[in-house]
There are 2 protein chains.
Amino acid sequence: MPNQNRPAAEMPDSASAQDTAQAERFNQARAAQAVAVLEDYAEMIGDLIEELGEARVTDIAARMGVAHPTATKAVARLKREGLCTSRPYRGVFLTPAGAELAERVRARHRTVVDLLIAIGVPPETAELDAEGLEHHVSDTTLAAFDAFLAKQPPR
Amino acid sequence: MPNQNRPAAEMPDSASAQDTAQAERFNQARAAQAVAVLEDYAEMIGDLIEELGEARVTDIAARMGVAHPTATKAVARLKREGLCTSRPYRGVFLTPAGAELAERVRARHRTVVDLLIAIGVPPETAELDAEGLEHHVSDTTLAAFDAFLAKQPPR
DNA sequence: ACAAAAGTGTAGCCTTGGCTTTATTTGACC
DNA sequence: GGTCAAATAAAGCCAAGGCTACACTTTTGT
Ligand SMILES: [Mn+2]
Ligand SMILES: [Mn+2]
Ligand SMILES: [Mn+2]
Ligand SMILES: [Mn+2]
């Protein structure tokens with residue numbers, strides 16, 4: 001997850017094509033994980049602003065289930081990535097890019113939950129698992145989920 | 001992910017029931033992520049032993065797409081957790097617990113891929129996404145996946 | 001049998017994302 | 001308007017999981 005701006009560690013010739021493909025999959029999973037935290041915080045900040053008019057660090061921390069310094073650090077990362085802004089002792093605000101991310105993440109989250117329920121997962125469990133699953137659903141898979149849901153018998 | 005044997009940070013009364021439920025979800029997702037790496041390494045070691053008769057650190061690293069010291073560290077964690085054994089300059093071996101984990105993870109991986117394909121995800125993409133998704137599929141959801149696949153028209 | 005190559009181990013660095021503790025600022029209330 | 005509680009910030013700890021560089025074994029090939 002540090003792997004952000006690293007030279008990408010080119011594969012030695014000794015690695016078989018099989019190995020390389022497999023390694024690619026793990027790399028993709030790691031990349032997805034690296035952005036997962038930012039996605040969740042962006043979504044949460046969006047929720048809070050919508051519900052309460054503003055997002056305070058204390059509220060973010062409470063909802064994320066972390067100590068407030070952890071939330072502060074996450075906000076710092078979001079700022080560094082250009083996803084939010086904040087001034088000392090004031091609330092946190094999403095930039096356009098952050099708002100865009102939050103909306104996308106929220107929509108994907110909903111689709112994942114809906115798909116799980118359509119498959120037969122209890123809603124409670126669907127909501128629980130979706131929080132982790134969502135970050136590993138690619139655009140292609142998301143499209144497939146939407147398509148599947150669209151042609152579901154409305155029950 | 002350090003969160004292993006921590007006091008679980010009891011929720012303040014100020015947090016609403018809503019907030020608490022949400023926080024629980026994030027905590028579960030974090031817990032799942034914490035074991036994800038061990039699961040992947042255990043599965044990989046199992047694969048290598050089956051295919052090549054033994055699991056060498058170099059092969060593990062190549063297939064995981066990491067540098068070999070990273071694989072060595074992962075093996076150390078597996079050993080600490082009682083999931084594998086190894087002696088210097090010799091291969092890595094799964095303990096009964098490790099083998100059990102590897103088998104469970106492999107079966108779950110297969111189910112996730114099959115489900116994605118059944119939903120309409122291209123096989124290539126299914127394999128890619130499954131590598132990350134699998135670690136967030138609870139037993140309940142896995143059972144639902146199996147049930148769904150069982151009553152699928154065989155195509 | 002030995003030299004070279006390949007594999008392995010070890011040390012030390014970095015970032016992330018948790019945490020606690022302590023200091024400062026803000027805002028609410030009387 | 002002053003006091004005090006709550007919110008925020010700042011500092012510093014830790015483990016995980018990446019990495020490189022370097023040292024040491026083991027294996028291989030002549
Ligand atoms: Mn999430
Ligand atoms: Mn979410
Ligand atoms: Mn995986
Ligand atoms: Mn897998």
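Protein chains get the first letters and strands the later ones, always in sequence-line order, with residue 1 at the start of each.
In this model, no side-chain donor or acceptor of H68(B) finds a partner on the base of dG7(C) within 3.5 Å.
Between R87(A) and the phosphate of dT25(C), there is no side-chain N or O to OP1/OP2 separation shorter than 4.0 Å. Residue R30(B) places none of its side-chain N or O atoms closer than 4.0 Å to OP1 or OP2 of dT16(C). Taking only side-chain nitrogens and oxygens, T72(A) never comes nearer than 4.0 Å to OP1 or OP2 of dA10(D). The shortest distance between the side-chain N/O atoms of R77(A) and the OP1/OP2 oxygens of dG17(C) is below 4.0 Å. Within the structure, every side-chain polar atom (N or O) of Y41(B) is placed at least 4.0 Å from both OP1 and OP2 of dA16(D).
Residue contacts for P88(B): at a heavy-atom cut-off of 4.0 Å it reaches the sugar-phosphate backbone alone, with no base atom in range. As judged by a 4.0 angstrom heavy-atom cut-off over every strand, T70(A) is placed among the base-contacting residues.
The CZ-P distance, from R90(A) to dA6(D), rounds to 19 Å in whole Å. L38(A) places its CG atom 10 Å from the C1' atom of dT16(C), with the value rounded to the nearest Å. Rounded to an integer number of Å, the gap from NE2 of H135(A) to C1' of dG17(C) is 14 Å. For the pair F26(B) CZ and dG17(C) P, the computed distance is 14 Å after rounding to whole Å. The distance between atom CD of Q33(A) and atom P of dG18(D), rounded to the nearest whole Å, is 11 Å.
In E50(B), the CD atom is not crowded: 12 or fewer heavy atoms of neighbouring residues, nucleotides or ligands sit closer than 6.0 Å.
Proximity note for Y89(B) (side chain, C-beta onward) versus dC19(C), dG7(C), dG17(C): the nearest is dG7(C). Checked against dT16(C), dG18(D), dC19(C), the side chain of V66(B) finds its nearest nucleotide in dG18(D).
Rounding to the nearest 0.5 angstrom, the gap separating the NE2 atom in H136(B) from the CG atom in L128(A) is 12.0 Å.
Between the R108(B) side chain and the L142(B) main chain, no donor and acceptor come within less than 3.5 Å of each other.
At least one side-chain heavy atom of R106(A) sits less than 4.5 Å from a side-chain heavy atom of E103(A).
Along DNA chain C, the nucleotide nearest to K73(B) and the one nearest to R56(A) differ in position, and the one closer to the 5' end is contacted by K73(B).
Residues F26(A) and V105(B) are members of one and the same hydrophobic cluster, defined by side-chain heavy-atom contacts under 4.5 angstrom among Ile, Leu, Val, Met, Phe, Trp and Tyr.
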